[in-house]
Protein chains: 2
Amino acid sequence: MDSDSDDQLDRAFLALADPVRRRIIARLSRGPATVNELAEPFEMSKQAVSKHIQVLEQAYLVTRSREAQRRPVHLDPARLEALTAWIDRYRLVREGQFRSLDAVLNHQAVHGGRQEKDQS
Amino acid sequence: MDSDSDDQLDRAFLALADPVRRRIIARLSRGPATVNELAEPFEMSKQAVSKHIQVLEQAYLVTRSREAQRRPVHLDPARLEALTAWIDRYRLVREGQFRSLDAVLNHQAVHGGRQEKDQS
DNA sequence: TTGTTTATAAACCAATTGGTTGACTAAAAA
DNA sequence: TTTTTAGTCAACCAATTGGTTTATAAACAA
């Protein structure tokens with residue numbers, strides 16, 4: 001369960017760690033598109049773009065429908081929320097906590113203080 | 001320049017696409033820590049954790065100071081902001097845009113409508 | 001000086017990633 | 001029916017990732 005959500009975060013962040021896939025998302029934010037349409041701006045084979053779409057799909061960042069022989073891809077913005085939710089847990093670290101921590105660190109090092117377990 | 005920021009986004013998202021590195025960030029959100037301290041909860045060599053920290057460092061998600069023979073690692077929350085900034089551009093896609101797009105898509109497909117270039 | 005602690009570097013390995021090409025399926029059009 | 005369009009599958013390849021072990025460096029302690 002924890003490793004499940006871990007795995008979903010893995011896939012989602014990994015999916016965004018590629019400029020091609022980010023451009024695909026940017027395109028899809030303006031509406032759905034077919035594989036051929038998505039592939040057109042890129043100097044790479046349609047198969048390669050198809051693979052990128054599969055990566056996005058397995059990360060649940062996009063979904064697909066049926067439309068004759070076309071398989072329109074559309075963005076699922078809900079998944080992006082999950083990513084910002086994770087990030088938001090850590091990005092608001094206070095200035096106060098950030099200043100003069102090495103003093104605190106020294107204290108911990110000297111006294112060997114070990115704390116509670118971290119989460120995901 | 002565009003490819004620079006692309007590269008920075010690549011590294012940052014890639015850095016977060018690993019549960020070990022996310023746990024390191026969670027730990028660092030409570031204050032800086034040494035490599036040994038960060039490595040302690042994991043069943044893996046200190047060297048492996050050191051590599052993970054380097055990945056985070058090259059993504060500018062963490063920085064390091066000097067403290068005798070210790071190299072305390074601390075979180076740089078500013079970088080996390082850059083990631084949410086990117087995501088926020090696309091996560092607010094409206095319901096209205098999302099509904100009945102395949103109709104629009106059909107129109108585009110028939111008329112071969114090709115639009116402006118996507119950004120990063 | 002010698003030894004201990006903290007951390008990195010280098011060499012290596014298995015698994016994954018991102019791309020290619022060629023063959024194939026399915027739906028629609030002629 | 002045959003042909004075209006849209007897309008996936010499979011095999012392959014080079015480069016990268018995530019881990020290991022061994023060796024090394026740098027700062028402190030005795």
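These numbers come from the heavy atoms of this one structure, side chains and all, not from hydrogens, waters or symmetry mates. Reminder, nothing fancy here: chain letters follow the sequence lines and each chain counts from 1.
A distance-only check finds no donor-acceptor pair linking the side chain of Arg79(A) to the backbone of Leu83(A) [under 3.5 Å]. Within the 3.5 Å criterion, the main-chain N or O of Val55(B) finds no donor-acceptor partner in the side chain of Gln58(B). The backbone N or O of Arg71(B) sits less than 3.5 Å from a side-chain atom of Arg64(B), completing a donor-acceptor pair.
Among residues two or more places apart in sequence or in another chain, the side-chain hydrogen bond (donor to acceptor under 3.5 Å, both in side chains) test is passed with Arg11(B) by Asp7(B). Among residues two or more places apart in sequence or in another chain, the salt bridge (Lys or Arg N to Asp or Glu O under 4.0 Å) test is passed with Asp10(A) by Arg22(B).
Heavy-atom distances to DNA chain C give each of Ala68(A) and Leu14(A) a nearest nucleotide, and the one nearer the 5′ end belongs to Leu14(A).
In the helix from dT1(C)-dA30(D) to dA30(C)-dT1(D), the terminal helix axes, each the rotation mapping four pairs' C1' atoms onto the next four within five end pairs, subtend 10°, rounded to 10°.
Across all non-hydrogen atoms, the minimal contact from Ala15(B) to Arg21(B) is O-NE, 2.8 Å. Nearest approach of Val73(A) to Leu28(A), heavy atoms of both residues: O-CD2, 3.3 Å.
By the 4.5 Å heavy-atom criterion applied to side chains, Leu14(B) and Phe13(A) are not counted as neighbours. At a threshold of 4.5 Å between non-hydrogen side-chain atoms, the residues Ile25(B) and Leu16(B) count as touching.
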Expected list for residues 41-51 of chain B: side-chain donor-acceptor pairs under 3.5 angstrom, two or more places apart:
| unit_1 | atom_1 | unit_2 | atom_2 | d |
| --- | --- | --- | --- | --- |
| Ser45(B) | OG | Ala48(B) | N | 3.1 |

Report all interatomic pairs (protein N or O, nucleotide N or O of nucleotides 4-10 of chain D) with separations under 3.5 Å.
| unit_1 | atom_1 | unit_2 | atom_2 | d |
| --- | --- | --- | --- | --- |
| dG7(D) | OP1 | Val35(A) | N | 3.3 |
| dG7(D) | OP1 | Arg71(A) | N | 3.4 |
| dG7(D) | OP2 | Asn36(A) | N | 2.9 |
| dG7(D) | OP2 | Asn36(A) | ND2 | 3.0 |
| dG7(D) | N7 | Lys46(A) | NZ | 2.6 |
| dT8(D) | OP1 | Arg64(A) | NH1 | 2.5 |
| dT8(D) | OP1 | Arg64(A) | NH2 | 3.4 |
| dT8(D) | OP2 | Ser50(A) | OG | 2.3 |

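Nucleotides of DNA chain C with any atom under 4.0 Å from a heavy atom of chain A span, from 5' to 3', dT17(C) to dA28(C).
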